[in-house]
Amino acid sequence: MQDKSRIFMLFACCIPVLGARRSTICDLQRQTFRFIPNGLHEILTEHRGKTVAGIEAAYGHEYDAEIAEYFEFLIAHELGFWCDDPDCFPEIDLTWKAPERITNAILDVDAESRHDFDKILRELDDLGCKALQIRFYDAVGLAELERVLELARYGRLRSIDLLVRYSEEMAEVDLEPLLRKHGRLSSIVVHSAPEDRLKRLPSGALLSYRTKSVDSPHCCGEVHPRYFVTNIGCFSEAQKHNTCLNKKISVDTRGEIKNCPSLARSFGNIRTTSLHNALAHRDFRELWSINKDRIDVCRDCEFRYVCTDCRAYIAEPQNLYSKPSKCTYDPYTAAWRSA
Amino acid sequence: MILVLSQSSHELTTEEVMDWLEDLGLPCLRLNGEDLDADSSWSARVPGGDFEITLDGRTLKLAAGDIQAVWFRRWAHGRRDQPVELILDDSRERQEAQREISSHLDQEMARLSGYLFSQLHDAAWLSRPSITRLNKLEVLEEAARAGLEVPATLITTRKKHLEEFMRTHGGIITKSIGESRALHLGDYFHTMLTAEIGTDLIAQLPEDLFPSLFQEKLDKRYEIRAFYLAGELYSMAIFSQIDDQTRVDFRHYNNVKPNRVVPFKLPADIADRISRLMGALELETGSLDLVKTTDGRYVFLEVNPVGQFGMVSKPCNYHLEQRVAEILARKARHGNSPQPV
Ligand code: SF4
């Protein structure tokens, strides 16, 4: 028997998100989400802070049994609690902030690239950049990797992810010492490898071999639940920003400075200008604020604050606000189209 | 210039506050405790000389006059452990001598840090290190004076008194009177946390005890961790009661299903009493532990003057790293006088 004068509260880190057909509760602490029916979403949002009796009455006592069941489900999954002092439990403030001018960067390299890594890394460091992905589409020597990593040794970067093409020199015995030596190196993914293999080092760093070939930026932009990130950082950033492009800067294989290497627009070449100059261009930040609430279809999707976005590969290339073309999810039917 | 005193190179909170300081346009310099003894070289001339330190291949002058504010984040030494050659055959004697020497070297480093801090006396500090060690018992006295409820506490050497205390309160717990320590024995780390003790255990005790602290065991609805920062209070509720593993001390973490932690707003009268307590203890920062009992009382447990604010800031999205930077900026500009940011 439930005491009808009680008030149920979601833990503030469990946030309901309404979709067209169903909703989610995004658990930002345990980094998962659960599906809930839209009726329960309504109870949790519009009737927040009411007693069980109050909620039952609001629905004319038509759904008393369902309501009891809902609360049992939420308690059993530790998504909320019976609360005697609701005034003490505010909602979580979803303001997103970052002191860095740039938080993350992509640097693309192929056999023809003539990058001045020293200059690029220095400029990124000056902008406060914390995460860098370097993608080598063509074979690269171990000595070259070592040289680039050495340049990044004393900067403010916190993580470096490398994507490299498989070659004899990219064997486990060669790459593991590299991961051990450079603490900021959080992963090396070797594409075009003879077999799929994955190894996690005790430090948490990842060494992964994949048979799939990644020979151009076109391989990016995929939308899939395995790329969803359910934590406070991404969820709060997604409230007002584009989760892929916000505070990102990229240099493509030819040295063109862009929001993302897959986008056409260049803000100058790194050989003749600086990252700072490109960033100062008034259009550079335009895409940063296109969040899912402004994108067709996505705005009705229950995954919109945990999903990655892509503004390079979109359903209607003429419409900047159209849905990512590599997404196969339809929030109106709540189904993934099988590829 | 703002001086940041910290430890080891990968300390996320330190780095984040420094990023915010840079965003505010304030130059800062970071000095890790280990820098004084591990991989760097440095010298200072007494009296009045500057510290000259070589870090990552760069030589810096640390002149007290250039430093307007100091953030005392934490400080620890990773002492150069050069083995000392001893002419002793008995291995037990040698071990003892090593221990003595080691504690002597620790003291040398402590004196040295003390000198560095006193040279920076005129700067505005965010928490002066002289007050980072508090006496838990004195704090309980002050808390009670500030109007906060504290748990019934007994310190005794008499088993008889312990038994009486147990009868009065039902459940009791014990914890250290001073700082808890980690003991490294063989392959294991033993940490001293709060532990519940039962009648079985008491029955096995001798009549005469080493002076030990006992407290009534509180029936918790949830625990509260509050970070006090220059007059502002940022609180978080910790639901440790859903889980048996963390019921007595939430530091017995459950890594699979972490305790629920959520933003919390203390009632105004409790918040006022906390401010009064912090004023009485002359603390500008501190991490406070309280309990909300099942019968609705707020009970104060203890305060840690340095305290990890990251564990409150991150899950509650309070952005305290930015707030700390703003307060340091204010101090660098105006000294210690309390001015609104
Ligand atoms: S519809 Fe939009 S928000 Fe939903 S899964 Fe696809 S890309 Fe993500």
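Lettering follows sequence order; numbering is per chain, from 1.
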Whether over 12 other heavy atoms sit under 6.0 Å from A:Lys50 NZ = yes
So which part of [X] gets closer than 4.5 Å to some heavy atom of chain B, the side chain, the backbone, both or neither?
{"X": "A:Leu94", "answer": "backbone"}
{"X": "A:Ile92", "answer": "both"}
{"X": "A:Asp87", "answer": "backbone"}

Sidechain N-carboxylate O distance under 4.0 Å for [X], [Y]:
{"X": "A:Arg122", "Y": "A:Asp118", "value": "yes"}
{"X": "A:Lys247", "Y": "A:Glu237", "value": "no"}
{"X": "A:Asp85", "Y": "B:Lys265", "value": "no"}
{"X": "A:Arg180", "Y": "A:Glu176", "value": "yes"}

In this structure, which one of A:Tyr305, A:Trp96, A:Trp288, A:Phe235 forms a ring pair (Phe, Tyr, Trp, His ring centres under 6.0 Å) with A:His241?
-> A:Trp96
Matching residue for B:Tyr318 among B:Phe309, B:Tyr234, B:Phe264 - test: ring pair (Phe, Tyr, Trp, His ring centres under 6.0 Å) | B:Tyr234
Counting heavy-atom pairs under 4.5 Å with chain B, the top scorer among A:Glu100, A:Arg101, A:Gln29 is A:Gln29
Relative to chain A, which of [options] shows the most heavy atom pairs under 4.5 Å?
{"options": "B:Arg221, B:Glu16, B:Met18", "value": "B:Arg221"}
{"options": "B:Leu12, B:Asp23, B:Asp19", "value": "B:Asp19"}
{"options": "B:Pro263, B:Cys316, B:Ala325", "value": "B:Pro263"}

Given a strict heavy-atom distance threshold of 4.5 Å, which part of [X] is in contact with chain A: side chain, backbone, both, or neither?
{"X": "B:Pro315", "value": "backbone"}
{"X": "B:Gln322", "value": "side chain"}
{"X": "B:Lys314", "value": "backbone"}

